[in-house]
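This one's a predicted model, so the numbers in the text were calculated from it and none came from an experiment.
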Amino acid sequence: MTKRPPVLAILIFTAFAAPAQAQVIDEPVALDDTAPAGPLRVQAPPFVDPVPFINAEPPHLPKAVKAMIEEAIRRDDSEALAAVVKMALATQPYDKDEIRAMHRAYLDRKAQALAQRTQEETERIRNSGVLELWKGQLELGAFRSTGNTSNFGFTGALKLDRQGIDWEHTVLLNADYQKDSGTITREKYGASYQPRYTLRDGFFTYGRLQYEKNRIQGIHNRYSLSGGLGYRVLKRTNMNLSLEAGPAVRRTVFVEDPSETTWSVLTSLDFDWKVNGTLKLTQTASSYVGSDDSTFTSLTGIEAGVARGLKAKMSYSIAHETSPPDGALKTDTISRFSLVYGF
(Lines give C-alpha, C1' and ligand atoms only; values in the text may rest on other atoms or scores of the structure.)
Protein backbone atom coordinates (compact mmCIF):
# COMPACT_ATOMS: atom_id res chain seq x y z
CA MET A 1 0.00 0.00 0.00
CA THR A 2 1.44 3.33 -1.07
CA LYS A 3 1.58 6.09 1.49
CA ARG A 4 0.47 9.64 0.56
CA PRO A 5 3.11 12.38 1.22
CA PRO A 6 2.31 14.68 4.05
CA VAL A 7 0.29 17.76 3.10
CA LEU A 8 2.81 20.13 4.67
CA ALA A 9 5.58 18.72 2.60
CA ILE A 10 3.59 19.19 -0.59
CA LEU A 11 2.85 22.81 0.13
CA ILE A 12 6.57 23.58 0.86
CA PHE A 13 7.58 21.91 -2.32
CA THR A 14 5.08 23.79 -4.40
CA ALA A 15 6.09 27.17 -3.02
CA PHE A 16 9.75 26.66 -3.90
CA ALA A 17 9.15 24.92 -7.16
CA ALA A 18 6.70 27.46 -8.69
CA PRO A 19 8.27 30.14 -10.97
CA ALA A 20 8.58 33.62 -9.63
CA GLN A 21 5.54 35.84 -10.33
CA ALA A 22 6.03 39.09 -12.20
CA GLN A 23 5.45 42.19 -10.22
CA VAL A 24 2.05 43.75 -11.04
CA ILE A 25 2.01 47.53 -11.47
CA ASP A 26 -1.26 49.23 -10.54
CA GLU A 27 -2.35 50.85 -13.80
CA PRO A 28 -5.84 51.74 -15.04
CA VAL A 29 -7.41 49.06 -17.12
CA ALA A 30 -9.05 50.16 -20.38
CA LEU A 31 -12.61 48.84 -20.81
CA ASP A 32 -13.92 47.77 -24.15
CA ASP A 33 -17.04 49.85 -24.84
CA THR A 34 -18.01 47.64 -27.70
CA ALA A 35 -18.47 44.65 -25.46
CA PRO A 36 -22.19 43.82 -25.02
CA ALA A 37 -23.68 44.14 -21.56
CA GLY A 38 -24.82 41.03 -19.96
CA PRO A 39 -28.46 40.28 -19.16
CA LEU A 40 -30.03 42.03 -16.16
CA ARG A 41 -31.37 39.67 -13.65
CA VAL A 42 -33.76 40.79 -10.90
CA GLN A 43 -34.62 38.49 -8.15
CA ALA A 44 -38.34 39.02 -7.23
CA PRO A 45 -40.24 37.33 -4.51
CA PRO A 46 -42.55 34.60 -5.64
CA PHE A 47 -46.27 35.53 -6.30
CA VAL A 48 -48.69 34.83 -3.56
CA ASP A 49 -51.31 32.35 -4.58
CA PRO A 50 -54.14 33.31 -4.51
CA VAL A 51 -53.79 37.04 -5.41
CA PRO A 52 -55.15 39.17 -2.52
CA PHE A 53 -58.50 41.06 -3.26
CA ILE A 54 -59.06 44.55 -1.84
CA ASN A 55 -62.75 45.53 -1.48
CA ALA A 56 -62.84 49.20 -2.69
CA GLU A 57 -66.07 51.14 -3.32
CA PRO A 58 -66.66 52.82 -6.71
CA PRO A 59 -65.96 56.58 -6.93
CA HIS A 60 -68.76 58.86 -5.75
CA LEU A 61 -69.90 62.39 -6.55
CA PRO A 62 -68.08 64.89 -4.32
CA LYS A 63 -70.11 65.79 -1.25
CA ALA A 64 -70.07 69.53 -2.02
CA VAL A 65 -71.53 69.05 -5.51
CA LYS A 66 -74.08 66.54 -4.27
CA ALA A 67 -75.15 68.94 -1.52
CA MET A 68 -75.81 71.72 -4.06
CA ILE A 69 -78.00 69.43 -6.17
CA GLU A 70 -79.92 68.23 -3.12
CA GLU A 71 -80.50 71.83 -1.98
CA ALA A 72 -81.93 72.79 -5.39
CA ILE A 73 -84.20 69.74 -5.23
CA ARG A 74 -85.32 70.65 -1.73
CA ARG A 75 -86.26 74.15 -2.85
CA ASP A 76 -88.27 72.66 -5.74
CA ASP A 77 -86.82 75.16 -8.19
CA SER A 78 -86.66 73.55 -11.62
CA GLU A 79 -84.68 76.35 -13.25
CA ALA A 80 -82.09 76.52 -10.48
CA LEU A 81 -81.75 72.73 -10.48
CA ALA A 82 -81.20 72.67 -14.25
CA ALA A 83 -78.44 75.25 -13.90
CA VAL A 84 -76.75 73.34 -11.06
CA VAL A 85 -76.95 70.06 -12.99
CA LYS A 86 -75.42 71.71 -16.06
CA MET A 87 -72.45 73.00 -14.06
CA ALA A 88 -72.04 69.69 -12.25
CA LEU A 89 -71.88 67.79 -15.54
CA ALA A 90 -69.27 70.23 -16.85
CA THR A 91 -67.04 69.96 -13.76
CA GLN A 92 -67.63 66.31 -12.83
CA PRO A 93 -67.90 64.43 -16.14
CA TYR A 94 -66.92 61.10 -14.58
CA ASP A 95 -69.96 61.28 -12.28
CA LYS A 96 -72.46 62.14 -15.02
CA ASP A 97 -74.50 58.97 -14.44
CA GLU A 98 -75.08 59.78 -10.78
CA ILE A 99 -75.86 63.44 -11.54
CA ARG A 100 -78.38 62.57 -14.25
CA ALA A 101 -79.96 59.93 -12.05
CA MET A 102 -80.63 62.52 -9.32
CA HIS A 103 -82.08 64.97 -11.87
CA ARG A 104 -84.23 62.29 -13.49
CA ALA A 105 -85.60 61.16 -10.15
CA TYR A 106 -86.65 64.74 -9.37
CA LEU A 107 -88.36 65.16 -12.75
CA ASP A 108 -90.19 61.86 -12.33
CA ARG A 109 -91.51 62.92 -8.93
CA LYS A 110 -92.65 66.26 -10.39
CA ALA A 111 -94.43 64.52 -13.25
CA GLN A 112 -96.18 62.10 -10.91
CA ALA A 113 -97.29 64.92 -8.63
CA LEU A 114 -98.61 66.93 -11.59
CA ALA A 115 -100.49 63.93 -12.93
CA GLN A 116 -102.01 63.35 -9.51
CA ARG A 117 -103.12 66.98 -9.18
CA THR A 118 -104.53 66.95 -12.72
CA GLN A 119 -106.54 63.84 -12.00
CA GLU A 120 -107.88 65.27 -8.75
CA GLU A 121 -108.82 68.56 -10.46
CA THR A 122 -110.57 66.67 -13.27
CA GLU A 123 -112.61 64.68 -10.79
CA ARG A 124 -113.48 67.84 -8.88
CA ILE A 125 -114.73 69.52 -12.06
CA ARG A 126 -116.74 66.47 -13.11
CA ASN A 127 -118.47 66.30 -9.74
CA SER A 128 -119.12 70.05 -9.42
CA GLY A 129 -122.57 71.61 -9.55
CA VAL A 130 -123.96 74.18 -11.97
CA LEU A 131 -123.34 77.08 -9.58
CA GLU A 132 -119.78 76.03 -8.78
CA LEU A 133 -116.45 76.80 -10.49
CA TRP A 134 -117.50 80.34 -11.40
CA LYS A 135 -114.81 83.04 -11.39
CA GLY A 136 -115.35 86.69 -12.10
CA GLN A 137 -114.24 90.26 -11.97
CA LEU A 138 -116.11 93.43 -11.13
CA GLU A 139 -115.14 96.68 -12.83
CA LEU A 140 -116.33 100.05 -11.58
CA GLY A 141 -115.42 103.62 -12.46
CA ALA A 142 -117.23 106.89 -11.68
CA PHE A 143 -116.72 110.62 -11.95
CA ARG A 144 -118.39 113.82 -10.81
CA SER A 145 -117.53 117.48 -11.44
CA THR A 146 -119.14 120.75 -10.22
CA GLY A 147 -118.57 124.38 -11.08
CA ASN A 148 -119.33 125.90 -14.46
CA THR A 149 -120.76 122.51 -15.47
CA SER A 150 -122.21 119.73 -13.40
CA ASN A 151 -121.26 116.29 -14.67
CA PHE A 152 -121.89 112.88 -13.22
CA GLY A 153 -121.17 109.55 -14.79
CA PHE A 154 -120.20 105.98 -14.11
CA THR A 155 -119.06 102.93 -15.96
CA GLY A 156 -119.32 99.38 -14.70
CA ALA A 157 -118.93 95.83 -15.91
CA LEU A 158 -119.30 92.34 -14.49
CA LYS A 159 -117.68 89.32 -16.10
CA LEU A 160 -118.25 85.73 -15.01
CA ASP A 161 -116.41 82.68 -16.36
CA ARG A 162 -116.90 79.00 -15.75
CA GLN A 163 -114.20 76.71 -17.10
CA GLY A 164 -115.06 73.04 -17.34
CA ILE A 165 -113.37 70.10 -19.02
CA ASP A 166 -114.92 70.65 -22.45
CA TRP A 167 -117.36 73.51 -21.84
CA GLU A 168 -116.65 77.17 -21.07
CA HIS A 169 -119.35 79.69 -20.18
CA THR A 170 -118.96 83.47 -20.17
CA VAL A 171 -121.47 86.03 -18.92
CA LEU A 172 -120.82 89.75 -19.44
CA LEU A 173 -122.79 92.76 -18.17
CA ASN A 174 -121.77 96.37 -18.81
CA ALA A 175 -123.19 99.86 -18.40
CA ASP A 176 -122.15 103.44 -19.23
CA TYR A 177 -124.16 106.40 -17.93
CA GLN A 178 -123.41 110.12 -18.03
CA LYS A 179 -125.42 113.23 -17.20
CA ASP A 180 -124.26 116.74 -18.07
CA SER A 181 -126.11 119.71 -16.49
CA GLY A 182 -129.22 117.61 -16.02
CA THR A 183 -129.19 116.19 -19.55
CA ILE A 184 -128.37 112.55 -20.17
CA THR A 185 -125.49 112.50 -22.63
CA ARG A 186 -124.70 108.78 -22.49
CA GLU A 187 -126.86 105.79 -21.64
CA LYS A 188 -125.63 102.46 -22.84
CA TYR A 189 -126.29 98.99 -21.42
CA GLY A 190 -125.29 95.57 -22.64
CA ALA A 191 -125.42 91.90 -21.70
CA SER A 192 -124.17 88.74 -23.36
CA TYR A 193 -123.90 85.02 -22.74
CA GLN A 194 -121.52 82.80 -24.68
CA PRO A 195 -120.91 79.06 -24.29
CA ARG A 196 -117.97 77.30 -25.93
CA TYR A 197 -117.43 73.61 -26.52
CA THR A 198 -113.90 72.39 -27.18
CA LEU A 199 -113.45 70.04 -30.11
CA ARG A 200 -109.77 69.26 -30.65
CA ASP A 201 -106.52 70.76 -31.96
CA GLY A 202 -107.58 74.23 -30.79
CA PHE A 203 -110.98 74.23 -32.54
CA PHE A 204 -114.23 74.89 -30.70
CA THR A 205 -117.86 75.70 -31.41
CA TYR A 206 -119.63 78.60 -29.79
CA GLY A 207 -122.96 80.30 -29.37
CA ARG A 208 -123.65 83.93 -28.47
CA LEU A 209 -126.75 85.67 -27.21
CA GLN A 210 -126.36 89.44 -26.91
CA TYR A 211 -128.49 92.39 -25.80
CA GLU A 212 -127.78 96.12 -26.34
CA LYS A 213 -129.49 99.36 -25.38
CA ASN A 214 -128.16 102.75 -26.51
CA ARG A 215 -130.86 105.40 -26.63
CA ILE A 216 -128.43 108.22 -27.44
CA GLN A 217 -127.51 106.35 -30.63
CA GLY A 218 -131.19 105.74 -31.39
CA ILE A 219 -131.28 102.04 -30.42
CA HIS A 220 -133.98 101.20 -27.92
CA ASN A 221 -133.29 97.45 -27.86
CA ARG A 222 -131.19 95.14 -29.98
CA TYR A 223 -131.05 91.33 -29.72
CA SER A 224 -128.41 89.25 -31.48
CA LEU A 225 -128.10 85.49 -31.81
CA SER A 226 -125.06 83.84 -33.35
CA GLY A 227 -123.21 80.55 -33.50
CA GLY A 228 -120.24 79.19 -35.36
CA LEU A 229 -116.70 77.86 -35.23
CA GLY A 230 -113.69 79.21 -33.39
CA TYR A 231 -109.98 78.52 -33.24
CA ARG A 232 -107.43 79.17 -30.49
CA VAL A 233 -104.45 80.55 -32.37
CA LEU A 234 -102.37 80.97 -29.19
CA LYS A 235 -102.78 79.28 -25.84
CA ARG A 236 -99.83 79.91 -23.58
CA THR A 237 -99.34 80.63 -19.92
CA ASN A 238 -99.02 84.37 -20.59
CA MET A 239 -100.74 84.86 -23.95
CA ASN A 240 -104.05 83.79 -25.52
CA LEU A 241 -105.61 84.56 -28.88
CA SER A 242 -108.84 83.13 -30.27
CA LEU A 243 -110.86 83.85 -33.40
CA GLU A 244 -114.57 83.20 -34.06
CA ALA A 245 -116.81 83.38 -37.12
CA GLY A 246 -120.37 82.39 -37.88
CA PRO A 247 -123.79 83.56 -39.06
CA ALA A 248 -125.90 85.89 -36.91
CA VAL A 249 -129.42 87.28 -36.83
CA ARG A 250 -130.22 90.63 -35.20
CA ARG A 251 -133.52 92.18 -34.17
CA THR A 252 -133.30 95.95 -33.64
CA VAL A 253 -135.98 98.14 -32.06
CA PHE A 254 -135.14 101.77 -32.82
CA VAL A 255 -136.24 104.75 -30.75
CA GLU A 256 -138.01 106.41 -33.68
CA ASP A 257 -137.51 104.29 -36.81
CA PRO A 258 -139.40 101.02 -37.47
CA SER A 259 -137.96 97.79 -36.09
CA GLU A 260 -136.00 95.50 -38.40
CA THR A 261 -134.51 92.01 -38.48
CA THR A 262 -131.31 91.46 -40.42
CA TRP A 263 -128.94 88.61 -41.16
CA SER A 264 -125.21 89.15 -40.92
CA VAL A 265 -121.87 87.43 -40.41
CA LEU A 266 -120.22 87.71 -37.01
CA THR A 267 -116.44 87.69 -36.61
CA SER A 268 -114.68 88.32 -33.32
CA LEU A 269 -111.21 88.40 -31.80
CA ASP A 270 -110.20 87.90 -28.18
CA PHE A 271 -106.60 88.54 -27.12
CA ASP A 272 -104.86 88.93 -23.77
CA TRP A 273 -101.19 89.18 -22.88
CA LYS A 274 -99.72 89.07 -19.38
CA VAL A 275 -96.64 91.20 -19.88
CA ASN A 276 -95.40 90.47 -16.36
CA GLY A 277 -96.77 89.66 -12.93
CA THR A 278 -98.67 92.94 -12.59
CA LEU A 279 -99.28 94.26 -16.14
CA LYS A 280 -101.80 92.84 -18.63
CA LEU A 281 -102.91 93.95 -22.10
CA THR A 282 -106.36 92.98 -23.45
CA GLN A 283 -107.99 93.45 -26.83
CA THR A 284 -111.44 92.37 -27.98
CA ALA A 285 -113.07 93.21 -31.30
CA SER A 286 -116.17 92.09 -33.16
CA SER A 287 -118.01 92.87 -36.37
CA TYR A 288 -121.54 92.20 -37.59
CA VAL A 289 -121.40 92.57 -41.37
CA GLY A 290 -124.78 92.72 -43.07
CA SER A 291 -126.27 93.94 -46.33
CA ASP A 292 -128.13 96.92 -44.80
CA ASP A 293 -126.16 97.78 -41.66
CA SER A 294 -122.85 96.70 -40.15
CA THR A 295 -121.50 97.18 -36.66
CA PHE A 296 -117.84 97.23 -35.63
CA THR A 297 -116.66 97.37 -32.03
CA SER A 298 -113.23 97.41 -30.40
CA LEU A 299 -112.12 97.51 -26.76
CA THR A 300 -108.47 97.96 -25.79
CA GLY A 301 -107.44 97.82 -22.15
CA ILE A 302 -104.37 97.90 -19.94
CA GLU A 303 -104.54 96.47 -16.42
CA ALA A 304 -101.99 96.97 -13.65
CA GLY A 305 -102.10 95.29 -10.26
CA VAL A 306 -102.27 97.62 -7.28
CA ALA A 307 -103.13 95.14 -4.50
CA ARG A 308 -104.04 91.54 -4.07
CA GLY A 309 -107.14 90.92 -6.16
CA LEU A 310 -107.38 94.60 -7.16
CA LYS A 311 -106.23 96.15 -10.44
CA ALA A 312 -106.39 99.55 -12.08
CA LYS A 313 -107.63 99.55 -15.67
CA MET A 314 -107.51 102.06 -18.48
CA SER A 315 -109.52 101.28 -21.61
CA TYR A 316 -110.62 102.82 -24.87
CA SER A 317 -113.63 101.56 -26.83
CA ILE A 318 -114.92 102.31 -30.33
CA ALA A 319 -118.36 101.47 -31.74
CA HIS A 320 -119.12 102.20 -35.38
CA GLU A 321 -122.45 101.83 -37.20
CA THR A 322 -122.45 102.07 -40.98
CA SER A 323 -126.17 103.04 -41.13
CA PRO A 324 -127.22 104.56 -37.80
CA PRO A 325 -130.66 106.12 -37.20
CA ASP A 326 -131.22 109.68 -38.32
CA GLY A 327 -129.55 112.20 -36.02
CA ALA A 328 -127.09 109.64 -34.53
CA LEU A 329 -123.35 109.60 -35.04
CA LYS A 330 -121.72 106.74 -36.87
CA THR A 331 -118.83 106.43 -34.45
CA ASP A 332 -119.03 106.45 -30.66
CA THR A 333 -115.90 106.38 -28.49
CA ILE A 334 -115.30 106.38 -24.75
CA SER A 335 -112.23 106.34 -22.52
CA ARG A 336 -112.52 104.71 -19.11
CA PHE A 337 -110.47 104.57 -15.95
CA SER A 338 -111.74 102.06 -13.41
CA LEU A 339 -110.82 99.61 -10.68
CA VAL A 340 -111.20 95.88 -11.24
CA TYR A 341 -111.71 93.41 -8.43
CA GLY A 342 -111.26 89.71 -9.14
CA PHE A 343 -113.03 86.97 -7.19
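- Looking only at atom types and distance, the side chain of T282 has no donor-acceptor partner in the side chain of D272 under 3.5 Å away.
- Scanning for salt bridge (Lys or Arg N to Asp or Glu O under 4.0 Å) contacts around R186 gives D332, with sequence neighbours left out.
- Residues in residues 91-100 take part in no side-chain hydrogen bond (donor to acceptor under 3.5 Å, both in side chains) pair, two or more places apart or across chains.
- Residues passing the side chain to side chain contact (heavy atoms under 4.5 Å, CB included) test with L199, sequence neighbours excluded: Y197, F203, T205, L229.
- Not counting sequence neighbours, the partners of S338 by the side-chain hydrogen bond (donor to acceptor under 3.5 Å, both in side chains) test are E139.
- Screening residues 288-343 for ring pair (Phe, Tyr, Trp, His ring centres under 6.0 Å), with sequence neighbours left out, gives no hits.
- For the 3.5 Å distance criterion, the side chains of N221 and Y211 qualify, holding a donor opposite an acceptor.
- Residues passing the side-chain hydrogen bond (donor to acceptor under 3.5 Å, both in side chains) test with D161 are T170, sequence neighbours excluded.
- The salt bridge (Lys or Arg N to Asp or Glu O under 4.0 Å) check on D176 picks up R336, with sequence neighbours excluded.
- Every residue two or more places apart in sequence or in another chain was checked for a side-chain hydrogen bond (donor to acceptor under 3.5 Å, both in side chains) with T237, and none qualifies.
- With sequence neighbours excluded, the residues satisfying salt bridge (Lys or Arg N to Asp or Glu O under 4.0 Å) with R124 are E121.
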Output a table of donor-acceptor pairs, distance under 3.5 Å, between side-chain atoms of residues 65-86 and any protein atom two or more places apart or on a different chain; print 'none' if there are none.
unit_1 : atom_1 : unit_2 : atom_2 : d
E71    : OE1    : R74    : NE     : 3.2
E71    : OE2    : R74    : NH2    : 2.5
E71    : OE2    : R75    : NE     : 3.0
D76    : OD1    : Y106   : OH     : 2.6
D76    : OD1    : K110   : NZ     : 3.3
D77    : OD1    : E79    : N      : 3.3
D77    : OD1    : A80    : N      : 3.3
S78    : OG     : Y106   : OH     : 3.3

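- Defined by atom type and a distance below 3.5 Å, a donor-acceptor pair is present between the side-chain atoms of T261 and R251.
- Ring orientation note: the planes of H169 and Y193 are close to parallel, at an angle under 30° on the 30°/60° scale.
- A search for side-chain hydrogen bond (donor to acceptor under 3.5 Å, both in side chains) contacts involving Q116 returns E120, not counting sequence neighbours.
- Ionic pairing of K188 and E212 is not present here: no N-O contact between side-chain nitrogen and carboxylate oxygen is shorter than 4.0 angstrom.
- When the salt bridge (Lys or Arg N to Asp or Glu O under 4.0 Å) test is applied to R232, the partners found at least two apart in sequence or on another chain are E168.
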